[in-house]
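Residues: numbered from 1 along the sequence shown. Just so you know, these numbers use all the heavy atoms, side chains as well, and skip hydrogens, waters and symmetry mates.
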Amino acid sequence: LKNLQMNAEKMSEKAFHEAVNEIIANSEQLYQVDFCDNKTIDAILYNKSLLAKSLHIPFDIQVQIPQQLNIAYVDLICVYANLLDNAIEANCQVDEKQRMLKITSALKMNQLIVKVENAKPANLHIDKSSGSEPHGLGLKILQRTAEKYHGDMFIQDKGHEVSITVFMENVNIGSIS
């Protein structure tokens, strides 16, 4: 880009546009990361993977989700972003050597299953009755979203790690986005 910028005045308009198009094509290939077929979930995973990387959090992604789901995009975003934001935040409270984040997600027997496991401080207790910030409000939103799709949320606090699993039935509950 700097080379193009420095030589822009010396180039013909056609050569300049060709160079710009080549840069765009190359950058599109650079950012084509497909974690799954669902582009909404894929975009969230890509964004959160970059954030995790910048914070030195190892991020293991094992997601097999089809493009079409009967779950509204806004609800998918709510679940994935909320779970990953909480996990990243908890990881930032532990030593870099202890950090870890793993997401597994799949559609099985018409149930969307999203499981996030992450490191956390041992003194940060996470459960469904947690009314304290920062996780309390997010957990309530996750629970409500799961119930909206005839599902549930399960939390396993293991001291230095936590595992949160959200189950949602892949049913059309009305108009979807």
So do the side chains of [X] and [Y] get within less than 4.5 Å of each other, counting heavy atoms only?
X     : Y      : result
Lys48 : Ile88  : yes
Pro58 : Leu101 : no
Asp42 : Ile65  : no

Kindly say whether [Y] contributes a backbone atom to a donor-acceptor pair with the side chain of [X] at under 3.5 angstrom?
X      : Y      : answer
Lys120 : Gly159 : yes
Lys53  : Ile57  : no
Asn170 : Asn70  : yes
Asn91  : Asn118 : no
Arg99  : Ala119 : no
Thr104 : Gln62  : no
Asp34  : Cys36  : no
Asn38  : Gln67  : yes

With rounding to the nearest 0.5 angstrom, report the [atom1] to [atom2] distance, [X] to [Y].
X      : Y      : atom1 : atom2 : answer
Met153 : Lys140 : CE    : NZ    : 10.5 Å
Glu117 : Lys102 : CD    : NZ    : 5.5 Å
Ile155 : Thr165 : CD1   : OG1   : 9.5 Å
Leu142 : Glu147 : CG    : CD    : 11.0 Å

Residues that Glu169 engages under side-chain hydrogen bond (donor to acceptor under 3.5 Å, both in side chains), provided they are two or more places apart: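 With neighbours one apart ignored, the set is empty.
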Out of curiosity, does [Y] fall in the hydrophobic cluster containing [X] (side-chain heavy atoms, cut-off under 4.5 Å, transitive links)?
X      : Y      : value
Val116 : Leu45  : yes
Leu124 : Val162 : yes
Leu55  : Val94  : no
Ile164 : Ile77  : yes
Ile126 : Met100 : no

Steps toward side-chain contact (heavy atoms from CB on, under 4.5 Å) verdict (Thr145, Met168): CA-CA 8 Å; Thr145 306; Met168 298 166 65; 4.0 Å; yes
Donor-acceptor pair between Gln143 and Asp152 side chains, under 3.5 angstrom: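 On atom types as modelled, these side chains qualify, holding a pair under 3.5 Å.
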Side-chain H-bond candidate by donor/acceptor type, Ser105 with Tyr80, under 3.5 Å: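 Result is yes, a qualifying pair exists.
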Work out which heavy atom in [X] is nearest to a heavy atom in [Y]; give both atom names and the distance.
X      : Y      : value
Phe59  : Ser49  : CD2-CA, 3.4 Å
Pro121 : Ala90  : CD-O, 3.8 Å
Leu112 : Leu107 : N-CD1, 3.7 Å

Quick check: are there more than 12 heavy atoms from other residues, nucleotides or ligands sitting under 6.0 Å from [atom1] of [X]?
X      : atom1 : value
Lys158 : NZ    : yes
Gln64  : CD    : no
Lys39  : NZ    : yes

Phe35/Ile103 under side-chain contact (heavy atoms from CB on, under 4.5 Å): CA gap, chis, key distance, verdict: CA-CA 11 Å; Phe35 295 110; Ile103 183 169; over 6 Å; no
Charged N-O contact under 4.0 Å between Arg144 and Asp75: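 So Arg144 does not pair with Asp75 through a salt bridge.
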Step-by-step ring-ring contact (aromatic ring centres under 6.0 Å, His included) determination, Phe154 to Phe167: CA-CA 9 Å; Phe154 298 97; Phe167 296 88; 5.6 Å; yes
